[in-house]
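Beneath this line is the structure, given in structure tokens, with notes to follow.
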Amino acid sequence: QSQLVESGGGLVQPGGSLRLSCVVSGFTLDYYAIGWFRQAPGKERERVSCISRSGGSLNYVDPVRGRFTISRDNAKNTVYLQMNSLKPEDTAIYYCAASDYCYRRIREFDYWGQGTQVTVSS
């Protein structure tokens, strides 16, 4: 009954942009930090970005800093990940997940979406 649904993935050329959405239901988005994670085949799932409950704290891993932007609209129960200047190494399944604070480890995030595929290729 607690659900996150990602959308917005697809195939894009290097240098292109995508905007991912994470729509939340079954829990109050205001109470949760939301992280974006990604996993490429054969690799561990990694943190990409996270936004605090208030939206006042945003964090990014170095490979995406300056290219990706996380935001939230609690009234719409939605968190976004704007991805610009995409590179082939960004190719992965992207997941959103909810926890109480961004500092939590990946396994401590409570709720997860099913993921949306992002493929960056010529």
Side-chain angles (χ1 to χ4, degrees):
Q1 61 192 48
S2 298
Q3 190 174 24
L4 298 87
V5 179
E6 303 94 337
S7 63
L11 175 64
V12 64
Q13 294 186 51
S17 297
L18 287 172
R19 189 192 196 196
L20 305 184
S21 297
C22 173
V23 179
V24 166
S25 62
F27 64 93
T28 303
L29 182 58
D30 310 56
Y31 299 160
Y32 288 88
I34 301 294
W36 283 97
F37 305 82
R38 66 187 182 186
Q39 188 166 24
K43 294 187 176 181
E44 293 184 343
R45 189 169 299 186
E46 64 178 352
R47 183 187 303 269
V48 175
S49 183
C50 191
I51 185 167
S52 65
R53 289 180 289 180
S54 68
S57 181
L58 315 175
N59 54 64
Y60 306 90
V61 294
D62 288 342
V64 310
R65 187 172 290 110
R67 299 188 297 120
F68 291 10
T69 303
I70 191 169
S71 62
R72 66 190 296 158
D73 187 340
N74 289 356
K76 295 182 178 180
N77 298 312
T78 303
V79 175
Y80 304 96
L81 185 68
Q82 178 68 46
M83 305 186 296
N84 299 325
S85 302
L86 283 162
K87 304 175 180 180
E89 50 263 46
D90 295 318
T91 296
I93 301 174
Y94 283 71
Y95 302 87
C96 60
S99 189
D100 52 354
Y101 301 100
C102 283
Y103 67 78
R104 296 294 190 189
R105 294 176 293 185
I106 290 176
R107 291 187 176 185
E108 294 177 320
F109 276 72
D110 297 305
Y111 310 119
W112 290 82
Q114 299 236 62
T116 185
Q117 177 71 48
V118 172
T119 302
V120 185
S121 176
S122 298

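FYI, the numbering just counts along the sequence from 1.
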Minimum heavy-atom distance Leu86-Leu18, with the two atoms named: CD1-N, 3.9 Å
Arg67 and Tyr60: CA distance, side-chain angles, deciding distance, side-chain hydrogen bond (donor to acceptor under 3.5 Å, both in side chains) verdict: CA-CA 10 Å; Arg67 299 188 297 120; Tyr60 306 90; over 6 Å; no
Heavy-atom check, side chain of Ser7 versus side chain of Thr116, under 4.5 Å: no
Exceeds 12 heavy-atom contacts within 6.0 angstrom, atom CD of Glu44: no
Pairwise distance OG(Ser49) to CE(Met83) - rounded to 0.5 angstrom: 11.5 Å
Heavy atoms from other residues, nucleotides or ligands near CZ of Arg65 exceed 12 (cutoff 6.0 Å): yes
In one Ile/Leu/Val/Met/Phe/Trp/Tyr side-chain cluster, 4.5 Å: Val79, Tyr103: no
For the student: nearest non-hydrogen atoms of Cys102 and Asn59, plus distance: CB-ND2, 3.7 Å
OG-CD1 distance between Ser57 and Ile70, expressed to the nearest 0.5 angstrom: 10.0 Å
Exercise: identify the closest heavy-atom pair between Glu108 and Ser99: O-OG, 3.4 Å
Which atom of Leu29 lies closest to which atom of Thr78, heavy atoms considered: CD2-N, 3.6 Å
Hydrophobic cluster identity match, Val5 and Phe37, side-chain contacts under 4.5 Å: no
Nearest-0.5 Å distance that lies between atom SG in Cys22 and atom CD in Glu6: 5.5 Å
Pairs meeting criterion side-chain hydrogen bond (donor to acceptor under 3.5 Å, both in side chains) with involvement of residues 25-38, two or more places apart: Arg38-Glu46, Arg38-Asp90, Arg38-Tyr94
Spacing of OG belonging to Ser17 relative to CD belonging to Gln82, to within rounding of 0.5 Å: 5.5 Å
Inter-residue atom distance Thr119.OG1 - Leu11.CG, 0.5 Å rounding: 6.0 Å
Single-linkage hydrophobic cluster Trp112~Ile34, side-chain heavy atoms < 4.5 angstrom: no
ILVMFWY cluster, Tyr80 and Leu4 together (side-chain gap under 4.5 Å): no
CD (Gln114) with more than 12 external heavy atoms under 6.0 Å: no
Sidechain-backbone polar pair: Gln1 side chain, Gly26 backbone, donor-acceptor under 3.5 Å: no
Any pair counted as salt bridge (Lys or Arg N to Asp or Glu O under 4.0 Å), so long as it reaches residues 93-104, sequence neighbours left out: Asp100-Arg104
Arg45 to Tyr95 six-membered ring, cation-pi geometry met (6.0 Å, 45°): yes
Residues which pass salt bridge (Lys or Arg N to Asp or Glu O under 4.0 Å) with Arg19, listed by chain and number, not counting sequence neighbours: none
Atom pair SG/CG of Cys50 and Leu81 - distance to nearest 0.5 Å: 11.5 Å
Residue pair Ser122 / Pro14, side-chain heavy-atom distance below 4.5 Å: yes
Candidate pair Phe68 and Asn84, rule side-chain contact (heavy atoms from CB on, under 4.5 Å), full reasoning: CA-CA 6 Å; Phe68 291 10; Asn84 299 325; over 6 Å; no
Same cluster (ILVMFWY, side-chain, under 4.5 Å), Phe109 and Val23: no
